[in-house]
Amino acid sequence: MRNGTRREFVTAAVGLTLASRPVWGQTKPRVLVIGGGVGGATVAKYLAASAKTLEVTLIEPKTRYTTCFFSNLYLSGLRSFESLTHGYQALSERYGIKVIHESAAMIDPVSKIVRLESGTTVSYDRLVVSPGIAFKFGAIDGYDEAATQTMPHAWNAGPQTKLLRAQLEAMEDGGVFVIAAPQNPFRCPPGPYERASLVASYFKNHKPRSKILMLDAKDTFFEQDLFEEGWNRHYPGMIEWLPAEFTGGVTAVDLKGKSVKTASETFTANVANIIPPQIAGELAQQSGLADQSGWCPVDPMTFESKLQPGIHVVGDAASAGDMPKSAFCANSQAKACAFAIAAALTGSERPAPHLFNTCFTYLAADDAVSDAISFKLIDGTIKISNIFISKVGENPETRRRAVREADDWYDAFTHDVFG
Ligand SMILES: Cc1cc2nc3c(=O)[nH]c(=O)nc-3n(C[C@H](O)[C@H](O)[C@H](O)COP(=O)(O)OP(=O)(O)OC[C@H]3O[C@@H](n4cnc5c(N)ncnc54)[C@H](O)[C@@H]3O)c2cc1C
């Protein structure tokens with residue numbers, strides 16, 4: 001990245017309408033990134049790699065991050081848990097990022113200070129927040145934080161994913177696995193349906209008399225035709241999907257009675273996976289970054305908050321027009337945000353943001369489909385400009401090739417984020 005002229009710097013800084021100004025010639029401008037998931041780790045890495053004159057600090061409580069993406073493969077026994085887990089060593093050793101393993105408790109946007117849970121405070125010139133999602137506990141009667149230990153959501157990867165896998169392993173052949181799928185918008189639109197597919201793959205091999213019942217809070221879902229074709233081909237009669245039109249979605253759970261309720265019916269579940277409706281992560285809610293929708297409105301060029309100038313939000317927490325809440329989008333947004341911050345703080349060139357999504361989705365161990373979407377800014381919002389989605393009726397070799405591509409994508413992508 002070359003040094004920009006003074007004029008370019010002024011233009012970039014005005015374009016960003018950011019409140020803070022670096023202190024030239026004294027200390028390095030400090031960028032603080034909260035959340036070391038896909039969005040936060042990518043911002044930190046790309047800032048540290050592209051703008052050596054910045055001091056980059058990453059705040060993340062976990063020392064090892066487990067990816068949600070490909071966690072459905074772990075549920076089906078096709079991947080180890082360890083293969084989904086990544087550390088922060090390369091970010092600190094290779095890129096000089098200071099990684100602090102703590103939770104951020106409070107943001108003071110006026111003094112530009114973040115207080116950590118230990119009470120320590122960290123100052124910043126620019127702040128990026130990528131806290132992921134929080135769950136709307138209370139939306140489903142009886143389903144609170146404690147209930148996740150009996151009926152896991154497994155929508156943040158880690159202990160929840162292991163718990164769900166253990167429950168599936170312990171379930172007797174002939175049992176019923178109930179999945180409650182949430183209303184839009186939520187993290188990973190094809191995720192619940194990929195989960196049904198890969199758990200069905202596990203059942204087919206190990207518990208062939210078992211059934212999967214999906215109780216959806218929606219009437220349609222992303223790539224529905226591809227999933228339905230895959231379910232009929234690989235698991236005839238095993239997966240039943242009930243749209244909101246028939247049930248209204250899950251309204252309550254009974255942990256003792258091991259049942260899941262809709263407005264008109266009660267379904268007994270041997271294993272229940274409740275994926276509640278979602279909002280931006282807790283810190284975003286507390287810090288005035290989220291609006292009434294529960295998500296964080298942002299400038300689509302820089303990912304600067306529309307509610308709290310000088311703070312950027314990327315990843316699932318951001319309300320980013322047509323962009324789905326995916327790891328690929330979080331990574332794409334993070335790069336646009338990093339280049340915008342680097343431009344504002346160092347005067348470097350600010351490339352126009354290129355926002356993309358690519359997603360591989362497994363229907364079976366040897367059958368994957370994909371989508372590739374590019375976005376552009378229209379009237380100040382992010383809109384889909386081109387979209388490719390796999391087609392119904394593709395030949396098995398095309399689908400096997402997508403499985404190989406998906407594996408390669410995982411390695412390249414996680415290297416891009418954490419390597
Ligand atoms: C089952 C499943 C399958 C998926 N499959 C795919 C896929 O195939 N492809 C794809 O692109 N996407 C997929 N996704 C979606 C993807 O995982 C998310 O979109 C992505 O993780 C979002 O990144 P993020 O940075 O916004 O949030 P996260 O990756 O969740 O990171 C948030 C981080 O912030 C930290 N944090 C939160 N609060 C604080 C705080 N107060 N202080 C410090 N740190 C904090 C958390 O510990 C966490 O590490 C899938 C999701 C699921 C659930």
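The model shown is predicted, which means the values in this text are computed figures rather than measured ones. Ligands are counted one by one from 1 in listed order, and the atoms in each one are counted from 1 as well.
Side-chain atoms of Tyr46 and Asp416 include a donor-acceptor pair closer than 3.5 Å.
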Between ligand 1 and the protein, which N/O pairs fall short of 3.5 Å?
from	atom 1	to	atom 2	distance (Å)
ligand 1	11 (O)	Ala327	N	2.9
ligand 1	11 (O)	Phe328	N	3.0
ligand 1	12 (N)	Ala327	N	2.9
ligand 1	19 (O)	Asp316	OD1	2.8
ligand 1	19 (O)	Asp316	OD2	3.1
ligand 1	19 (O)	Ser326	O	3.4
ligand 1	19 (O)	Ala327	N	3.2
ligand 1	21 (O)	Tyr65	OH	3.4
ligand 1	25 (O)	Val38	N	3.4
ligand 1	25 (O)	Gly39	N	2.9
ligand 1	25 (O)	Ser130	OG	3.0
ligand 1	26 (O)	Asp316	N	2.9
ligand 1	27 (O)	Arg187	NH2	3.2
ligand 1	29 (O)	Val38	N	3.4
ligand 1	29 (O)	Tyr65	OH	2.5
ligand 1	30 (O)	Arg187	NH2	2.7
ligand 1	34 (O)	Ser130	O	3.4
ligand 1	41 (N)	Ala104	O	3.0
ligand 1	42 (N)	Ala104	N	2.9
ligand 1	47 (O)	Glu60	OE1	3.3
ligand 1	47 (O)	Glu60	OE2	2.9
ligand 1	47 (O)	Lys62	NZ	2.9
ligand 1	49 (O)	Glu60	OE1	2.7
ligand 1	49 (O)	Glu60	OE2	3.3
ligand 1	49 (O)	Lys62	NZ	3.1

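With a 6.0 Å cutoff to the six-membered ring centre and a 45° limit on the axis angle, Lys162 counts as a cation-pi contact of Phe81. Geometrically, Arg79 engages Tyr410 in a cation-pi contact defined by less than 6.0 Å to the ring centre and at most 45° from the axis.
Under the salt bridge (charged side-chain N to carboxylate O under 4.0 Å, His left out) criterion, Glu55 pairs with no residue at all, not counting sequence neighbours.
Below 30°, between 30° and 60°, or above 60°: for Phe177 and Phe203 the angle between ring planes is above 60°, a perpendicular geometry.
Taking the six-membered ring wherever Trp is involved, the centroid distance between the rings of His354 and Phe375 does not fall below 6.0 Å.
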